[in-house]
Amino acid sequence: MPDFVTFGACWVPGFAHRESLLRRIRPATSAVLTAVAVLAFGWVEDLAGRRPPQLLPGGRRKPVVPVPAVVPVNT
């Protein structure tokens, strides 16, 4: 199945380029379609990984707690 999907992902744009169909697509349409494809891929990848969807990878960072300085004790 991955080979078929890879072949199809290359074959369809290849024929569109060969027949000059790609020149008819406006840049704004291309940008929107690319953004939708990236978001869909991220959503499917989150589902496959069984983790909650995140807009930015890594989520929120925990606040940095300063480590107290170690003071030697004279005995």
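Reckoned from all heavy atoms, side chains included, excluding hydrogens, waters and symmetry mates.
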Heavy-atom pair with the smallest gap, counting every atom of Pro13 and Gly8: CD-O, 4.1 Å
Could you give the distance from CG (Asp3) to CZ (Phe7), rounded to the nearest 0.5 Å? 11.0 Å
Distance (rounded to the nearest 0.5 Å) between Arg26 CZ and Leu33 CG: 11.0 Å
Which class fits the ring pair Trp11 and Phe15: parallel under 30°, tilted 30 to 60°, perpendicular over 60°? perpendicular
